[in-house]
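Got a structure here, written out as structure tokens. Questions coming.
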2 protein chains.
Amino acid sequence: MSPRRSVAEALGTRSAILNRSVAIASAEGLEGLTIGRLATELDMSKSGVLGHFGSKEALQLAVLDRAGEIFRAEVWEPALPVKPGLTRLRVLCEAWISYLEREVFPGGCFFVAAAHEFDGRRGAVRDAVESRFDAWRGRLRKETLRAVDAGELPEWTDPDQLVFELLGLLMALNHAIQLHHDTQAAGRARHAVQTRLGG
Amino acid sequence: MSPRRSVAEALGTRSAILNRSVAIASAEGLEGLTIGRLATELDMSKSGVLGHFGSKEALQLAVLDRAGEIFRAEVWEPALPVKPGLTRLRVLCEAWISYLEREVFPGGCFFVAAAHEFDGRRGAVRDAVESRFDAWRGRLRKETLRAVDAGELPEWTDPDQLVFELLGLLMALNHAIQLHHDTQAAGRARHAVQTRLGG
DNA sequence: CCTACCGATCGGTAGG
DNA sequence: CCTACCGATCGGTAGG
């Protein structure tokens, strides 16, 4: 009868809001995600939604966190049990290709989309997006260095150059799938990764 | 005294609206481009702005056309006097790198941004963006085929594969400049293009 | 977690 | 090209 919910219920509600938010923001962007639409789809009032976060910006940051958890589980964690260096680098690339191919987020890579939406702005959301890319780039770079140290890649390999090119392939794949619905692009991305990393 | 303008004046006004629109949409996106903001910045009424186009969608399509003219002048036309085949392909890539480096559009490549903004939607704007990418890809592909026919690239070259990889490099560069303000990325893009196309 | 509200802004129209 | 307006929606707040 009471509108007040227990802590557990409140956490469940918050989680439900974030799940729905990720789905909406993936398709419409983090700005197209509106409190009113969330409230309607969740059969809540706007203030009920907003109460869990305080502001739209705080909601957007929480959505980025949730999307990050999904990305981590889909792309990063499968590579953790794998031997560091070239093997792990290959698994990371394949996991990202698969993640794009399966459209884990219906709008394509959540962070590539967020980067394009916020790169021309300032604020906490933009900073959060940038730091996530820095972290991801750093991980690819670290595995590249390990691979060079282990003699799995030529010693003249420039890690930043290689990572730049790998990121380009992943962005081209994301673009080909989302804009052109190109089903051959994943094969091209795999082929290009193989040219650079062998396998 | 009259609010009615001559045909020449009306065309000038329309052109002024489009110039301002390109600047706004490059930074804020084609959806963030609003009639009200345009009217304020141009010291016009909203209906005065809208009268030139009829609807926001028609305005967005006209803005894409104007942006296309700029892209054409910056990237395509410099390559026209150049010998077809590998040489022209190199000039096209260099022109695009330079266009991104000089930030001809302050928000990065206008069409990459539009693709990300509209790839999850339907309608005339999305279709216009996709067909522009098809045209651009077709041009790169044609020059690649010419280069292969002329023996300037190995006969086993897969044109679609090469174009996919070149587009990836350009997207990685766009991303590095816009999100990370990375001043070394243009050099990496040039190096990667050179690895593929020689020079 | 709700209702009820705020000022601002959206795309667009009527009528001139 | 204008003024004056329309209904819808935005993020957010007061008060409970």
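Below, chains carry the letters A, B, ... as their sequence lines are ordered, and counting in each starts from 1.
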Inset, instruction - Check whether the ring centres of F71(A) and Y99(A) lie less than 6.0 Å apart, and answer yes or no. - result: yes
Legend entry - Salt-bridge present (R121(B), E28(A); N to O < 4.0 Å): no
Legend entry - ring-ring contact (aromatic ring centres under 6.0 Å, His included) partners of residues 176-199 of chain A, not counting sequence neighbours, each pair once: H175(A)-H180(A)
Legend entry - Nearest-angstrom distance from the residue atom CG of L42(B) to P of dC2(D): 10 Å
Legend entry - V91(B) with W96(B), same ILVMFWY side-chain cluster at under 4.5 Å: no
Taking only nitrogen or oxygen atoms into account, show me every contact under 3.5 Å that the protein makes with nucleotides 8-12 of chain C, one pair per line with its distance.
unit_1, atom_1, unit_2, atom_2, d
dC10(C), OP1, T34(B), OG1, 2.8
dG11(C), OP1, K56(B), NZ, 2.8
dG11(C), OP2, I35(B), N, 3.1
dG11(C), N7, K46(B), NZ, 2.9
dG11(C), O6, K46(B), NZ, 3.2
dG12(C), OP2, K56(B), N, 2.6
dG12(C), O6, K46(B), NZ, 3.3

Inset, instruction - Identify all stems in which DNA chain C takes part, counting only runs of at least 3 consecutive pairs (Watson-Crick or G-U wobble, each distance under 3.5 Å), and give each as one range with another, ordered by first number. - result: C:1-16 with D:1-16
Legend entry - Lys/Arg-Asp/Glu bridge criterion (N-O < 4.0 Å) met for R126(A), E117(A): no
Legend entry - Result of checking L140(A), V193(A), T87(A), L166(A) against L92(A) for side-chain contact (heavy atoms from CB on, under 4.5 Å): L140(A)
Inset, instruction - Determine, for K83(A) against E143(A), whether the closest basic-nitrogen to carboxylate-oxygen distance falls under 4.0 angstrom. - result: no
Inset, instruction - Please determine if D65(B) and R132(B) form a salt bridge, counting it only when a charged side-chain N lies under 4.0 Å from a carboxylate O. - result: yes
